[in-house]
Amino acid sequence: MTMLDTKQDGVTATVIGTLRDFEERTTQQGRKWAVGNMTVGTEQLEVLVFPENYPPRDVILTVDRRYEMSGRVDRYDGVLRLMVDRVVE
């Protein structure tokens with residue numbers, strides 16, 4: 001069990017990990033957002049960066065690069081997710 005596993009839904013957390021995959025998507029309104037998977041320690045975490053925070057300011061997201069990400073913890077169908085509001089290289 002990781003520290004993130006003990007966090008309740010809706011609380012803010014900051015993680016440092018490696019972005020393993022990443023896909024840019026577009027909403028029906030034409031706004032860009034992204035979804036990806038990050039390795040934090042030995043755990044996998046789904047990260048979502050919604051239009052109001054995408055693209056991250058002064059950061060170009062690249063696979064296999066380490067980032068610090070902050071956001072709201074959420075679980076959906078047993079998957080641990082982070083709704084990202086800040087990204088730092």
Side-chain angles (χ1 to χ4, degrees):
M1 179 179 285
T2 67
M3 184 177 286
L4 265 180
D5 289 328
T6 64
K7 299 252 186 210
Q8 293 182 347
D9 285 359
V11 299
T12 299
T14 299
V15 298
I16 298 173
T18 303
L19 190 62
R20 292 298 173 201
D21 61 56
F22 173 79
E23 181 181 337
E24 187 175 85
R25 297 183 180 175
T26 305
T27 68
Q28 291 179 344
Q29 294 78 29
R31 298 175 67 201
K32 300 257 187 228
W33 69 287
V35 60
N37 288 293
M38 175 179 256
T39 301
V40 179
T42 60
E43 300 294 323
Q44 288 288 342
L45 173 69
E46 184 177 52
V47 292
L48 295 99
V49 188
F50 291 109
E52 57 272 10
N53 298 307
Y54 187 81
R57 186 175 183 176
D58 301 326
V59 176
I60 297 173
L61 293 178
T62 306
V63 172
D64 293 330
R65 182 172 262 170
R66 289 181 59 80
Y67 296 96
E68 176 181 305
M69 294 189 182
S70 298
R72 183 175 50 83
V73 175
D74 180 63
R75 284 175 186 74
Y76 181 76
D77 284 342
V79 176
L80 186 61
R81 305 188 308 181
L82 188 69
M83 309 310 213
V84 177
D85 57 26
R86 186 177 69 86
V87 179
V88 178
E89 274 189 274

Could you list the residues that satisfy side-chain hydrogen bond (donor to acceptor under 3.5 Å, both in side chains) with [X], not counting sequence neighbours?
| X | result |
| --- | --- |
| D74 | R81 |
| T62 | none |
| T18 | none |
| D21 | N37 |

Is [Y] reachable from [X] through a run of hydrophobic residues whose side-chain heavy atoms are each under 4.5 Å from the next?
| X | Y | value |
| --- | --- | --- |
| V88 | V15 | no |
| M38 | M83 | no |
| L61 | W33 | no |

Might you point out which heavy atoms bring A13 and V73 nearest each other, and give the distance in Å?
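Of all heavy-atom pairs spanning A13 and V73, the closest is CB-CG2, 3.7 Å.
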
State, to 0.1 Å, how close S70 and T14 come at their nearest heavy-atom pair, and which atoms those are.
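Between these two residues, the closest heavy atoms are OG-OG1, 2.7 Å.
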
Can you tell me how far the CG atom of L19 sits from the CZ atom of R66, to the nearest 0.5 Å?
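It is 11.5 Å, given to the nearest 0.5 Å.
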
Go through the structure and list residues passing salt bridge (Lys or Arg N to Asp or Glu O under 4.0 Å) with R65, not counting sequence neighbours.
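Salt bridge (Lys or Arg N to Asp or Glu O under 4.0 Å) check on R65 returns E89.
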
Contacts of type salt bridge (Lys or Arg N to Asp or Glu O under 4.0 Å), residue R20, not counting sequence neighbours:
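Once residues adjacent in sequence are excluded, the partners of R20 under the salt bridge (Lys or Arg N to Asp or Glu O under 4.0 Å) criterion are D64.
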
Check residues 47-59 and write down every donor-acceptor pair under 3.5 Å in which the side-chain atom is one partner and the other belongs to a residue at least two apart or another chain.
| from | atom 1 | to | atom 2 | distance (Å) |
| --- | --- | --- | --- | --- |
| N53 | ND2 | V84 | O | 3.4 |
| Y54 | OH | E24 | OE2 | 2.6 |

For residues 61-89, pull every pair meeting ring pair (Phe, Tyr, Trp, His ring centres under 6.0 Å), keeping only residues two or more places apart or in separate chains.
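Not a single pair qualifies under ring pair (Phe, Tyr, Trp, His ring centres under 6.0 Å).
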
Check side chain to side chain contact (heavy atoms under 4.5 Å, CB included) between E23 and all other residues, then give those that pass, not counting sequence neighbours.
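Partners of E23 under the side chain to side chain contact (heavy atoms under 4.5 Å, CB included) test: R25, V35.
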
Rest of the hydrophobic cluster containing I16 (Ile/Leu/Val/Met/Phe/Trp/Tyr, side-chain heavy atoms under 4.5 Å)?
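None; I16 is a cluster of one.
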
For side-chain contact (heavy atoms from CB on, under 4.5 Å), just list the numbers for T39 and Q44, CA-CA rounded to whole Å, side-chain angles, deciding distance to a tenth of an Å, and then say yes or no.
CA-CA 5 Å; T39 301; Q44 288 288 342; 3.2 Å; yes

Do L80 and E43 have side-chain heavy atoms sitting under 4.5 Å apart?
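With C-beta onward as the side chain, the pair stays apart.
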
